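Okay, so here's the structure we're looking at.
If you're wondering where the values come from, they're calculated on a predicted model, not measured in any experiment. In this chain, residues are counted from 1 in sequence order.
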Amino acid sequence: MADGIIDMLHDGIRGVPPGAGRIPLDEVAAQGWHPAEGTMSLPVLTLDEEAFAANRALMLRYAAEQGAAIAPHAKTPMAPALAASLVAAGAWGTTVADIRQAAVMLRAGLNRLILANQVGGPGGARRVARLHEAYPRAEIYAFVDSVEAAAALDAAWNEARLAPLPVLVEVGAGRAGARDLAAAERVIAAVKASEGRLRLAGIGAYEGAAATADAERTQAAIAGLAALAAEAFGKVRAAVGPQAPLILTAGGSTYFDLIVRHLGPVAAADGKARLVLRSGAIFFHDHGIYKRGLAALDARQGFRLGGEIASASEGFRPALRIWAEVLSRPEPCLAICGMGMRDVSHDQDLPTPLRLHRDGRPVHGFAGPDEAKVAKLNDQHAFLALGAGSPVTVGDVIEFGISHPCTCLDRWRVIWGIDGRGRVRAAYPTCFG
């Protein structure tokens, strides 16, 4: 284990075959494993590397064409190798949700971070200061939404005598963030009063918390949040002068098109500002919440490539799968699979059966979600409701799609990267703590 990250595989890790011994990460492709062939310990989570690469290229192209940068949210996989691959492909930086996540990414060499969450009071401020002391060359932008938080950071920086901390004044709706311009102005004044220990660097927001089940109300709420962000940005610009580079950042959801629509012109008109999107789960996509989110994006004609309306639903590909074995067929229309709440997300839908495998080969004629449905999960089991005459039998392996990448990936110490034939070719350790 190097710097807290797994560098050697063993059979205590889900997926690694029993008795396999210790296998270096860079030798995993040589093992020839396939999750449907009965060698790997099931259940197992895989990442379709071709789909991930295609999603990466598509999202980076979209952002570039809209004049935006992107700092993908690393909280989704918490896999430094995958976060680094996004930066290597052209991402502006990386987003994290807390100080520990920032430490993980900094230790992996990712030195431009947006800390897109409040750090709290004096304790959190001192921990951020310790992080800066440990990584003095890092470029870390911190969200601040209150006078109290600004004062805590100011005190910590005064005590530690550090280089100025770039601060993004957070405005918000539904979660953290200043709720009106007056509150944002108080934060701006508190940062200005720090005598240079804190530096106004722009405005941050998160629009996903403003979403509701009603599409029109959601668009109106996000438009209102964007208008507040634009007003607050004007106040920051007035406070720092016309030449200082600034950031406008939001778009950490499937509503990134609305952020581009409302805040892209603000950044462009300023001339010294950069619009930074933060969507992270979009690179993984899914068969549930993100599938619906992209359908809604298409319904509002929000995805554009080459100046033309394009289909996000057709462009992005779900990259994550859970593979589980059928353990029992106790009733004619019921199968029990070896996958449960400890293995897969269930907060935003249950998993979706996609394909059936037997002896390592697909079983043709299996109709997937039209024939089978996960009725419920317990800790270690999925209860699969089947149609009459279903071909599913004990020992089959079912390939499931998931809903909500964030709460699925955090159950796994290793994400298994597979090629187009389903063969494992990479192992990505995660660092969820």
Side-chain angles (χ1 to χ4, degrees), residues 68-69 71 92-93 95-96 99 102 111-122 124-125 128-129 131-132 136 138-172 176-206 225-252 259 262-278:
W92 175 84
T95 297
V96 293
I99 298 166
N111 289 320
R112 179 184 282 157
L113 304 180
I114 296 176
L115 181 50
N117 203 349
Q118 297 299 312
V119 301
V128 176
L131 194 67
H132 271 267
E139 185 179 344
I140 304 175
Y141 297 81
F143 274 27
V144 175
D145 75 346
S146 68
V147 171
E148 293 81 2
L153 287 167
D154 184 13
W157 252 247
N158 186 41
E159 177 183 334
R161 304 298 181 189
L162 298 169
L165 173 69
V167 166
L168 300 172
V169 178
E170 184 183 8
V171 298
R179 290 298 197 264
D180 54 39
L181 186 60
E185 287 183 299
R186 289 192 291 272
V187 177
I188 292 169
V191 174
K192 287 285 288 182
S194 71
E195 299 180 347
R197 288 178 288 272
L198 309 182
R199 174 173 66 83
L200 285 168
I203 295 294
Y206 173 58
L225 176 60
L228 174 58
E231 285 186 291
F233 176 81
K235 299 297 183 181
V236 170
R237 173 54 74 199
V240 301
Q243 296 304 313
L246 293 175
I247 289 172
L248 263 168
T249 179
I259 295 304
H262 295 301
L263 294 182
V266 176
D270 179 81
K272 294 288 184 178
R274 184 190 303 270
L275 177 63
V276 180
L277 305 177
R278 301 196 307 275

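No donor-acceptor pair closer than 3.5 Å links the side chain of Asn111 to the backbone N or O of Ala138. For Arg161 (side chain) and Asn158 (main-chain N/O), a donor-acceptor pair under 3.5 Å exists by modelled atom type. Within the 3.5 Å criterion, the main-chain N or O of Lys235 finds no donor-acceptor partner in the side chain of Glu185. Remark: the backbone N or O of Ala163 is paired with a side-chain donor or acceptor of Trp157 at under 3.5 angstrom.
Lys192 places a side-chain heavy atom less than 4.5 Å from the side chain of Leu200. Using a 4.5 Å cut-off on side-chain heavy atoms (C-beta onward), Leu248 and Ile259 make no contact. With contacts defined as side-chain heavy-atom distances shorter than 4.5 Å, the pair Thr249/Phe143 qualifies. With a 4.5 Å cut-off on side-chain heavy atoms, Asn117 and Tyr206 do not count as touching.
Minimum heavy-atom separation, Val169 to Ala184: CG1-O, 4.2 Å. Residues Arg237 and Gln243 share a closest heavy-atom pair of NH1-N, 4.1 Å. Ala125 approaches Ala152 most closely through the heavy-atom pair CB-O, 3.4 Å. Residues Ala244 and Lys272 approach most closely at O-CB, 3.9 Å, considering heavy atoms. Closest approach of Gly177 and Asp145 over heavy atoms only: N-OD2, 2.9 Å. Taking all atoms of both residues into account, the shortest heavy-atom contact from Gly251 to Leu277 is CA-CD2, 4.2 Å.
The number of heavy-atom neighbours closer than 6.0 Å to CZ of Arg274, taken from other residues, nucleotides and ligands shown, is 12 or below.
Residue Leu162 holds its CG atom at 11.0 Å from CG of Leu153, rounded to the nearest 0.5 Å. Summarising the geometry, atom CZ belonging to Arg186 is positioned 10.5 Å from atom OG belonging to Ser146; distances are rounded to the nearest 0.5 Å. Expressed to the nearest 0.5 Å, how far CG of Asp270 lies from CG of Leu263 amounts to 12.0 Å. Considering CD of Glu231 and CD1 of Ile203, their distance stands at 11.0 Å, rounded to 0.5 Å.
Screening Ile140, Val96, Thr95 for a side chain to side chain contact (heavy atoms under 4.5 Å, CB included) involving Ile114 leaves a single residue, Thr95.
For Tyr141, the ring-ring contact (aromatic ring centres under 6.0 Å, His included) criterion is met by Trp92, not counting sequence neighbours.
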